[in-house]
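Just so it is clear, the structure is predicted and the values come from calculations on it, not from any experiment. Every chain is numbered from 1, with letters handed out A, B, ... down the list of sequences.
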Protein chains: 2
Amino acid sequence: MPAHRLDPIDRKILAELQADGRMTNVELARRVGISAPPCLRRVRTLEEQGFIKGYHAEVDSRELGFEVQVFASVGLQSQAEADLRAFEDRCRGWPLVRECHMLNGEVDFILKCVAPDLSTFQAFLTEQLLTAPNVASVKTSLVIRCAKDEPGVPFDVLEERLSRTA
Amino acid sequence: MPAHRLDPIDRKILAELQADGRMTNVELARRVGISAPPCLRRVRTLEEQGFIKGYHAEVDSRELGFEVQVFASVGLQSQAEADLRAFEDRCRGWPLVRECHMLNGEVDFILKCVAPDLSTFQAFLTEQLLTAPNVASVKTSLVIRCAKDEPGVPFDVLEERLSRTA
DNA sequence: CAAGAATATGAAAGATTATTGCGTCGATGT
DNA sequence: ACATCGACGCAATAATCTTTCATATTCTTG
């Protein structure tokens with residue numbers, strides 16, 4: 001856990017930029033309590049060291065016509081490393097698959113998929129996913145509604161944890 | 001699907017900002033082929049109309065010490081709307097739960113959770129989630145590795161779809 | 001404990017960018 | 001054909017970003 005190379009100011013910077021990635025550097029500097037130049041240097045360092053992997057606009061997919069979200073649990077026939085890699089590569093090539101996580105337990109993978117409508121997803125399911133090599137079973141669950149969607153780090157938990165260690 | 005109020009330039013703006021949310025407005029304008037002022041006006045409009053819901057830095061949670069990711073499938077005893085809402089509210093209050101989606105099928109909810117280590121998650125599981133009111137069953141799956149994680153809109157699919165309709 | 005090295009800071013200046021105001025062009029509809 | 005409306009681009013101003021540099025702080029080392 002190499003979060004120890006980060007001081008409280010760095011963590012505050014990460015928390016602020018996670019909440020608002022387009023914040024002005026002067027505003028960011030004001031919030032973390034230092035002046036603008038060192039603040040910008042810290043941000044650049046955090047980017048170079050990989051703590052910040054990028055910046056993204058959060059686009060409303062439903063407004064853009066992607067009204068269907070589906071979680072798909074996938075079981076494979078062979079769990080040999082080469083076969084796992086092959087399936088992961090295939091997922092990376094499917095634009096409707098936005099996330100692909102390998103799991104322990106009976107299910108090998110869970111996929112988060114999006115689609116403009118149900119028929120589009122059904123077509124993808126039957127023509128691509130179900131017919132892909134090595135796929136043994138697929139169980140899909142439609143997302144009825146999303147109650148919480150805040151990817152990222154819970155900085156409040158991190159701070160509380162560090163304060164108890166210190 | 002009100003994506004029809006968006007012309008190709010707007011969609012290009014959304015795609016570019018989704019890929020790089022801190023892109024300079026002049027660079028963005030150059031890429032979409034218009035000058036800076038109207039480009040900024042379009043971005044502001046997209047923000048006001050809700051197509052852009054925010055900007056976020058992508059922070060590496062593992063580098064910050066959150067090495068455990070878990071998907072939890074939750075079944076409730078009562079699916080009355082009030083009880084569903086109550087569980088969703090509880091999820092919003094748990095910082096370790098980053099996503100909460102209500103599903104169709106046998107599983108009522110799927111949660112994406114993070115934790116610094118397994119014991120922290122186990123404590124959350126046994127003391128918070130399993131003992132929460134109305135929770136009937138919880139099945140957890142540890143994430144072994146993540147092959148793809150690109151939340152957002154597949155703009156290539158959108159463009160191809162629009163070109164076929166036109 | 002003191003001296004020096006390494007690192008981080010803040011002020012100032014110059015370069016880049018964001019933002020406003022305004023005149024012009026093209027599309028729409030009467 | 002003409003007026004209206006909306007969007008564009010140019011120019012100017014305001015704000016921000018980014019570098020430079022001198023100083024202060026911390027950490028190491030003798």
Expressed in angstrom and rounded to an integer, what is the separation of A:Ile13 atom CD1 from C:dA8 atom C1'? 13 Å
Say you draw a straight line from CG of B:Asp108 to CE of B:Met102; how long is it, rounded to the nearest 0.5 Å? 7.0 Å
Taking OP1 and OP2 of C:dT20, is either one under 4.0 Å from a side-chain nitrogen or oxygen of B:Arg41? no
By nearest heavy atom, map A:Pro37 and B:Pro37 onto DNA chain D; which one lands nearer the 5' end? B:Pro37
Within this structure, what is the CG-to-C1' distance between B:Asp7 and C:dA27, rounded to whole angstrom? 14 Å
For a quick check of understanding: with a heavy-atom distance under 4.0 Å over all strands, which category does B:Arg42 fall into, base, sugar-phosphate or nothing? sugar-phosphate
Roughly, in whole Å, what's the span from CZ in A:Arg44 to C1' in D:dT19? 12 Å
Would you kindly give the CD1-to-P distance between B:Ile34 and C:dT19, to the nearest whole Å? 15 Å
Sugar-phosphate, base or nothing in reach of B:Thr24, heavy atoms under 4.0 Å: sugar-phosphate
Using atom CG of B:Leu40 as one end and atom P of D:dA7 as the other, report the distance to the nearest whole Å. 15 Å
Side chain of B:Asn25, backbone of B:Ala36: donor and acceptor closer than 3.5 Å? yes
Choosing from D:dC8, C:dT9, C:dT19, which nucleotide comes nearest the side chain of B:Pro38? D:dC8
Protein-nucleotide distance (A:Arg22, atom CZ; C:dA18, atom C1'), rounded to Å: 10 Å
Centroid-centroid under 6.0 Å between A:His56 and B:Tyr55 rings: no
note: B:Met23, atom CE; C:dA18, atom P; distance rounded to Å ~ 11 Å
Check this for me: does any side-chain nitrogen of one of B:Glu99 and A:Lys112 sit under 4.0 Å from a carboxylate oxygen of the other? yes
Atom-to-atom span, CD1 of A:Ile9 to P of D:dT25 - whole angstrom: 15 Å
